[in-house]
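Okay, so here's the structure we're looking at.
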Amino acid sequence: MSKDPTIVAFLCNWCSYTGADLAGTSRMKYNSNIRVIRVMCSGRIGPTFVLKAFREGADGVLICGCHPGDCHYHEGNYKCLRRFHLLQKYVSQLGMDKDRIRLEWISASEGKEFAELVNNFSNKIKEIGKSKVRKTMEEWT
Amino acid sequence: MEEKRIGVYVCWCGTNIAMMVDVKDVSKEMEKLPGVVLAKNYKYMCSDPGQDMIIKDIKKYNLDRIVVAACSPRIHEITFRNALENAGLNPYMLQMANISEQDSWVHTDRIEATRKAKSLVAAAIRRVIHHKPLKKRIVNVHPNTLIIGGGVAGMSAALELSEAGKKSFLIEKSDQLGGTAAKLKLSFPYLNDVVNDISNLIKRVEKSEHIQVILNAEVQEIHGFIGNFNGIVKTTDEKEYSIEFGNTIVATGLKSFDAGKLKNYGYWKYSEVITSIEFELLVKQGVVVNKKGIVPENIAIIHCAGSRNENYNNYCSRTCCMSALKYANQLRNLLPDANIFEMYADMRTFGRGCEELYTSTSRKGIMFLMFDQRAELPLIKEDERGNGVVIEFKELLSGEEIQVPADLVILMVGMEAHENAKSVSHLSGISMDSNGFFIEKHPKLDPVATTTDGVYVVGSCQAPKDIPDSVSQAKAAVARILATILRGTVEVEVTTAEINADICCGCQFCISVCPYGANSFDAANDVSVVNEVLCKGCGTCATACPSGAISTKHFTDEQILSQIEGLMAKVHELEELETN
Amino acid sequence: MGGLTMNTRVNPDFEKELQKYGKGNWNECFHCGNCTAICPLSEDGFLFPRNSIRTLQMGLEKKLETSIEPWLCYYCGDCSETCPRDANPGELMMALRRYLTTRYDWTGLSKKFYTSAVWEYAAIAIIALLVIVSFLVFLPLRPDAALMVNESGGVMINSLVAGVSPDRFVTLIEYGDWLMAVIVGGLLITNIFNMYYKTIIADKTVKIPLSAYFKEFWQLIYNFVTQASFSKCEKRSYWLGHLLLMTGYTIMFIIVVVFLPYFQIEEVVPVWHWQRLLGYYATFGILFFLGIVIFQRLRKNPITMKFSHASDWIFIIMLALTTLTGIILHIFRLAGMVEATYYTYIIHLAVLVPMIVIEVPFSKWSHLAYRPFAIYFSKLKLATLKEKSVRKLAPAIS
Amino acid sequence: MDATKNNKSKLKLAIYWGAACGGCCVSVLDVHEHLYDIVAAADLVFWPIALDTKYKDVEAMEDDFIDITLFNGAVRNSENEHMAHLLRQKSKILVAYGSCAHLGGIPGLANLSDKKELFNRVYLESESTMNSEQIFPQTKTEVKEGILELPEFYNDVRALNQVTDVDFYIPGCPPTSDRLLEVFTAIVSGSELPPKGSVIGAQMKPLCDECERKKSDKKQVKKFLRPWEVIDDGETCFIEQGLICLGPATRAGCGYRCIKGNAPCRGCYGPTPDIIDPGAKMMSAIATAIDSNDPDEILEIIDSIEDPAGTFYRVSVPAALFRKKIVENNVEVKIT
């Protein structure tokens, strides 16, 4: 199913990665096209990682952090939120559909929500189509 | 770049992984990747033989980096780090790929799951190439402890430390010790008199030579880190204390829910309506009358005032049901002929002796009426037929719209975080949840520590609690503190931020970004510096640093970027393989 | 909340009031729902008998007064047996039936009888005395009574009274029967109408189409005759016994009230004659079941017999006495014991009349009428509710 | 360089002007009288702005004939590309000189549009154009006299290292003459050259290191302002005044000339070492400085950043991870 879009997800260690683990221990099923990278806090996630993921061929990037107010490091998730909005504005300027980047809050107990999110997001990406970023950047015309 | 010698280990986890991921295929593929010396698969990597295999291989093949593809690093990262350490390798030369919780268990297509596993392991291999050995760091611990809040929790902690002969500063905002518990007459479920208990506790605190009580005081500043804090405490009469301490216990307690917010209950309007706090005062005085001075005949006790309701506080305040039952008993004794109505949303009577109290109370001629929290709250209005008020609502068990006459209504007001919580959270560097309660380090396994080392939360400032829970938490925190004091040293976070002074230009973006105040500006050298003891390694500053001067150990840009590359390279490789 | 009326006000004292009608620890109920789960009559979403217990706990008397449910319950006792708190929901239904009987009765006498045994004893005594006095004064034993024996040796019962011909005597007694039936029936019918008013008319949530009254009418007859709902309870033998009693009792009632001239005749018919066979069946049916019930009530076992209200004993005793005096009368008559027959006849009537006058409209007997009507009414309600497709709110029968 | 040193003859220097404004060439002249020193030490063998050397003359040179080529300007068309390859072949050292050659420069902003959009804008839609016949430049045009040729206009602009192998980078728009002189002197004096790929004439540290404006840790912004919206106090860090200044993410070395002129840094000296995307770090820093946790307010504040791509990648679009416009199926592209 290589035609399926590839999603790179950045999950914070304390809430979202744990939530994703919970989806696993609860044996919930979701789309297999997601590849997770663990960071300690969503505050660690910056535009470089996201742009890099697209540049390497990702079709969608999912960023998950703790719910507002629940950040393990106080406000890292808010910092992520601010960067996320600016990044969306930037990528739209370059012609990329900004919905290819999604930020959601997933708590450690939200295994089900995580599984639903992955399916929902990958459907959204399917709808948008495969990303042309990698191909476009490798083309010299 | 010197040659990397990577060992890759793919775990079967019995059949947990192996049934959905072709582990042999994964390890075979990984062997081909640059830097990989060997790739093995084994039934249970976390078992002793599994770990021994890694240890032997490290020695035999002179491996310098290890990738374990198994379960979540949140489960076994520590296990394998220890294995590396046992083999004489730095524990941080490990990277795990989660092919269980985030692969085999959540997917149904074996081919897809195997493909995903390959990509995750390949990413881990790329990442581990950039891992660097990290050194443990150890600091000394000052034996004094700062305790903020002189309620039951704070006092219990102080006394426990005093037992061990350790000094504590007990800072109380008001002019007396005792906190909320000092306002109570009886305690549930055994209806014991707490007045004496609390005053004895206060006496013991005041007598102790190891406890320095500072009343009418607030903490102004806290600096430093575990083992090495210093702070300034200021009293209302402007006296200032500069103190040094190794650990902090936050026990700032609670604030009662403001009953006036509940429009339906008309707290300000009807003299019949009082709060549970006011009722405690009445029973302490031994006279139960409403604000008109009339001895009530019909008494309604309304549970969940401001709790478990999406318009107010979503959470349960835990103690109100039991207190309400306690009141019913007190009222039955004081006013044997009165009609008593318990109006509850759900009766929550867990804990020893609590269900028993409910059972015995239910046999005392008390009418229990259930209302629906999700619907509109009961409405209190003037009784057209009598002197008092009447409470109108839909009784949930019967589905009947009913009226309850009352000339005394007791609102069981819930607990809220203390209004000082926010400033205390900033002072001590601990997190607050959306309700303003302090967040513990781990909800199950580390419920008294916080994410700031050396700072503990006890009592109702962490979540609504009853007295025994507060006391247990206080004593648990003291046990943790004493352990560090007795050892004299503590280990501190390794995966901290570090600033490359050759690049840092002193723009100071990183200073306010840090929730722990770990970054500061060194004006003499015109660069920012990280206090690695304070730093928790979240990496927010590294991402905020515009020049790339800051990196987060073990989560460097290089490591994450190569992980992305590895992840995607495998995706493309497989994709191309398929299209050809 | 706008529609609240004074009826919806809780009354903590009502439970004490209801204790006069039956003994239950109803405040013990914490609404686990076991009773509803085990009750063969409860249906999806309908909290039977838990709903009634809840309404009682809150003291919503108006609500209770308008409920049909208690009549649908046949007191199999399953609920009381499974109740983890010994709240005795079955006994509550029983108490509610007694309470409702007093609520339907407009004379207020029923309440007096149910809440005070003295009142009931007094009423019975007065009527019995009236019967005895009437006979002794107006229908005294004729002087030559000893001659009033027919060829087969049986006493000619209609000829025992002085100054009245046998035909006239029967007619006189029949008139008495009819008078009694009219009074008692009139009271009962008005009470049933009262029940109809409270349970149907006052319930503004249902509007019953006229056709339903005809369509469901068979239910009334069918349930009266078979007591089919009773058979839903697990202990079917009990239903059989009760059916035996009810049929025996009804047969006797019909014979005595409607067919007296064919029944109370001078000659003693042969044993296989329908008249005697019916009489023996009725006697056996009544005595058999009464025997069981008395035995059980004395043993206070099963649970349904644990608590006996004064009205229960009075009804049993009166019925037993009526039957026994009837048997004795029959024996005396067959034996040709003239005087004994005459006096036993008076005693028989002195028991029978007050029993019917008191029990039928005011006390326990009335359930014979209320139950089938309750089923009929609930079917009517159900019919409308079905139309409204809100069946879940319907009473617990189908 | 050893060859150069041993050879008593003078250095052979070439300067080429690709897709650029010409400022870089002027910056060479800005060395003023030091030009004599340069000319004394080196022969200028190719410099289109000053010398009448033809391309075929260059083509005729032996490989590695030129010691140093300063290539300024980005690669926009086939001519630029041809010259890049040619000069690489003929030069011992190829230096990407100035922001355009280094990162794509201001011409690189064209990568936010594609060729078609650019042509439409320039040859059809611009206010001063009347082109009813819709004539666009062609690589070959037949006229009576024969065939006229024009270089092919590429779809995207490239930095020099995206076309050919580059030895060193001298950043700046334009590079300061002082730095040029320093570099030149170093080369002539034969001192050891830095490793290949180095950015020379600039520092490791960002501009803030030299900038003398007062800086504090109060980098929290409620609204981003454009220079004309602020009365600059002349001494406080621009960012703390709500202006976006790329100083913290840009190599020092320019002598903070813009800031001395009370203009925020535009990033022409390029990002600090080891940065894989020139604008992303600053974008991240600026977003982090937004003083709000409310999603709506955050969006509102971000709205005040008129043109993120043009702001954070003013001279570096072609060197970014997203180096040019992406055409998605359903996305309407706004050209800013």
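All values derive from a computational prediction rather than experimental measurement. Numbered from 1 within each chain, the chains take letters A, B, ... in sequence-line order.
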Cut-off 4.5 Å, heavy atoms of chain C, and the answer for B:E384 is neither

Cation-pi check, C:K16 onto C:Y21 ring (under 6.0 Å, within 45° of axis): no

Identify whether the distance between the nearest side-chain nitrogen and carboxylate oxygen of B:R348 and B:E355 falls below 4.0 Å. no

Under 4.5 Å to a heavy atom of chain C? For B:F341 that would be side chain

Between C:F30 and C:R85, is there a cation-pi geometry (under 6.0 Å to ring centre, at most 45° from the normal)? yes

If one checks every heavy atom of C:E28 against chain B at 4.5 Å, the contacting part turns out to be side chain

Whatever's closer than 4.5 Å to a heavy atom in chain B on C:N25 counts as neither

Item checked: Side chain B:S317, main chain B:P464, donor-acceptor under 3.5 Å -> no

Applying a strict 4.5 Å limit to non-hydrogen atoms, the region of B:M370 in contact with chain C is backbone

Note: B:A345 and B:Q373 closest approach over all heavy atoms is CB-CG, 3.2 Å

